[in-house]
Amino acid sequence: MAAASPLKERIRQKADELGFNGARFTAPDAIPEAPARLAAFLSEGRHGDMLWMEGRADERSDPARLWSGVRTVIMLGLNYGPGYDPLPLLKKTSRGVISVYAHGADYHKIVKSKLKALGRWLAQEAGCALKVFVDTAPVMEKPLAEAAGLGWQGKHTNLVSREWGSWLFLGAIYLDVEIAPDAPEADHCGRCQKCLDICPTGAFPAPYQLDARRCVSYLTIEHKGHIAEEFRTAIGNRIYGCDDCLAVCPWNKFASVAAESRFHARSTLKAPSLASLAVLCDAEFRSLFAGSPIKRIGRDRFIRNVMIAIGNSGDAELAGAAEARLADASPLVRAMAVWALRQLVPQDRWAALKAAHASEEGDGDVAAEWSAPAERHIVAASARNDQPTNE
């Protein structure tokens, strides 16, 4: 039998006190279509090298498989709205663009701390057993959030809220107490497909479907190896993640600036200069991104991304930053430094660099970059708009 409604309202009130932007309730069996959808996604290989998705697919698609005691799922949202449109940053081609969610402190820790605080209160108030989850656990947060009425999964597969647009972090609490579920949220995307049209790499095979292998967020964050050449130019100056499909969503007109101050952009992470990032050693990288989710991908993958952005900058003055990385210890960095130089330097300079470095290269992937035909994408300095933005 469902618990009395006063408990639900007290939970919502406490969640509001802790800073959550919405607390909704659903049953653990509310997403019966999830197992088949996840199986299809995995069978088609659209998860790329995120092999952790395969290992616990059964727990991810069915909350009861993760914890047999679950009777209610509470889905909670936390607004991280930036209060500005991040898309103009893409025009600052000599600067790097970092996804809005990573401008501040690591959201995993912030959301989890709030979930634990709510969980402690719940255990005391209701005497129930519970488990809390952020997105590092095998939980399908977005389908559950839709089922709970927190929002709906848009055509870009992310959650959209009528109150907060596309800027919501999600957290989940599994309870062993049965509480009446809320009504699911309807799909309000209509005919709009701005999120699909803006994707720079064509990562959406169809509305409501994502091929992560083509997604800039996956390529710059999750992908551990070399980034295929077909995606490099399209990545532009995105050095960590991509906000295009989120930022263009019309429902963002209802979003507000995040109330949680720790999500606000650090000045060092809002359109940092590519030249300053290219020189980072491991210790400097760890220091700069202490407390940030960016730290998780490690220095080598991050500088790999920076080299691609430099190659796309059209700024010949950045060629020196790429040349300095030709002797980098990481093949990931060296390969993209070579690619960047192919885009930026004149043919005679390219030939000289190749003569000096190619014969000494012991890594096959880097050697292949030296063997590729040279290109040149230089633009005049006066045509660039690389000043910091206050947007």
Side-chain angles (χ1 to χ4, degrees), residues 89-98 200-201 216 219-220 223-240 242 271-282 284-285 298-389:
L89 296 174
L90 297 172
K91 298 178 181 179
K92 317 294 181 180
T93 58
S94 294
R95 296 182 171 272
V97 175
I98 292 170
T201 52
V216 174
L219 292 168
T220 57
H223 186 55
K224 298 178 177 63
H226 297 285
I227 294 176
E229 187 156 10
E230 66 175 301
F231 301 122
R232 295 174 195 168
T233 300
I235 285 173
N237 59 338
R238 303 170 184 86
I239 57 175
Y240 185 90
C242 179
S273 75
L274 295 173
S276 68
L277 298 175
V279 300
L280 294 176
C281 66
D282 187 66
E284 292 167 336
F285 168 83
R299 178 263 181 191
D300 294 348
R301 269 192 275 172
F302 184 75
I303 303 300
R304 169 200 65 185
N305 301 341
V306 171
M307 290 297 107
I308 291 175
I310 285 177
N312 289 325
S313 70
D315 186 351
E317 295 176 5
L318 285 173
E323 186 174 341
R325 299 272 66 83
L326 292 177
D328 198 273
S330 169
L332 285 179
V333 175
R334 295 201 306 277
M336 292 306 94
V338 175
W339 181 82
L341 288 166
R342 289 209 325 259
Q343 321 307 309
L344 295 177
V345 301
Q347 292 287 350
D348 56 346
R349 181 58 183 158
W350 169 255
L353 289 169
K354 184 175 180 179
H357 296 276
S359 62
E360 299 179 0
E361 180 55 62
D363 182 271
D365 291 317
V366 183
E369 294 294 335
W370 280 117
S371 299
E375 302 175 34
R376 195 164 182 246
H377 293 165
I378 299 175
V379 298
S382 60
R384 298 195 314 272
N385 182 9
D386 57 1
Q387 298 302 309
T389 179

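Reckoned from all heavy atoms, side chains included, excluding hydrogens, waters and symmetry mates.
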Student: Give me the atom names and distance for the closest heavy-atom approach of Pro200 to Ala234.
Tutor: O-CB, 3.4 Å
Student: Nearest 0.5 Å, what's the CD1-CZ distance between Ile239 and Arg95?
Tutor: 11.0 Å
Student: If you round to the nearest 0.5 Å, how far is CD1 of Ile303 from CD1 of Ile308?
Tutor: 12.0 Å
Student: Let's go through Cys242 and Leu219 carefully: what are the C-alpha distance in whole Å and the side-chain angles of both, what is the deciding distance for side chain to side chain contact (heavy atoms under 4.5 Å, CB included) to 0.1 Å, and is it a yes or a no?
Tutor: CA-CA 10 Å; Cys242 179; Leu219 292 168; over 6 Å; no
Student: Counting distance only, does the side-chain N/O of His357 pair as donor-acceptor with the main-chain N or O of Glu360 below 3.5 Å?
Tutor: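 Flag not set: sc His357 to bb Glu360 has no pair under 3.5 Å.
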Student: Under 3.5 Å, is there a donor-acceptor pair between the side chain of Arg232 and the main chain of Ile227?
Tutor: yes
Student: Would the distance check show the side chain of Glu369 and the main-chain N or O of Asp365 forming a donor-acceptor pair, the cut-off being under 3.5 Å?
Tutor: no
Student: Where the side chain of Arg304 meets the backbone of Gly225, is there a donor-acceptor pair that is under 3.5 Å apart?
Tutor: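 Checked: pair present.
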Student: Determine the minimum heavy-atom distance between Met307 and Ala340, stating which atoms define it.
Tutor: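 Closest approach of Met307 to Ala340: O-CB, 3.4 Å.
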Student: Atom NZ of Lys92 and atom CG of Leu274: how far apart are they, to the nearest 0.5 Å?
Tutor: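 The distance works out to 13.5 Å.
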Student: If I take atom CG from residue Leu280 and atom CZ from residue Phe285, how far apart are they, to the nearest 0.5 angstrom?
Tutor: 8.0 Å
Student: Please, which pairs that meet salt bridge (charged side-chain N to carboxylate O under 4.0 Å, His left out) have at least one residue in residues 343-356, sequence neighbours excluded?
Tutor: Glu323-Arg349
Student: For a 4.5 angstrom cut-off between non-hydrogen side-chain atoms, does Val216 reach Phe231?
Tutor: no
Student: Under a 3.5 Å distance rule, please check whether Asn305 uses its side chain to pair with a backbone N or O of Thr220 as donor and acceptor.
Tutor: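 At least one qualifying donor-acceptor pair exists.
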Student: Indicate the atoms forming the closest heavy-atom contact of Ala319 with Leu341, along with that distance.
Tutor: O-CD2, 3.4 Å
Student: Distance-only, no hydrogens or angles: does the Asn312 side chain make a donor-acceptor pair with backbone N or O of Asn237 under 3.5 Å?
Tutor: no
Student: Quick check: do Ile98 and Pro272 have side-chain heavy atoms less than 4.5 Å from each other?
Tutor: yes
Student: Could you give the distance from NE2 (His226) to CH2 (Trp339), rounded to the nearest 0.5 Å?
Tutor: 14.5 Å
Student: Return each pair, listed once, that meets side chain to side chain donor-acceptor pair (under 3.5 Å) where at least one residue sits in residues 326-336; pairs must be two or more places apart or across chains.
Tutor: Arg299-Asp328, Arg325-Asp328, Arg334-Glu361
Student: Which atom names give the shortest non-hydrogen contact between Gln343 and Gly311, and what distance separates them?
Tutor: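 Heavy atoms of Gln343 and Gly311 come nearest at CB-O, 3.3 Å.
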Student: So, do Glu317 and Ser94 sit near enough that their side-chain heavy atoms are less than 4.5 Å apart?
Tutor: no
Student: Taking the side chain as everything from C-beta on, heavy atoms only, tell me whether Val338 gets closer than 4.5 Å to Val366.
Tutor: yes
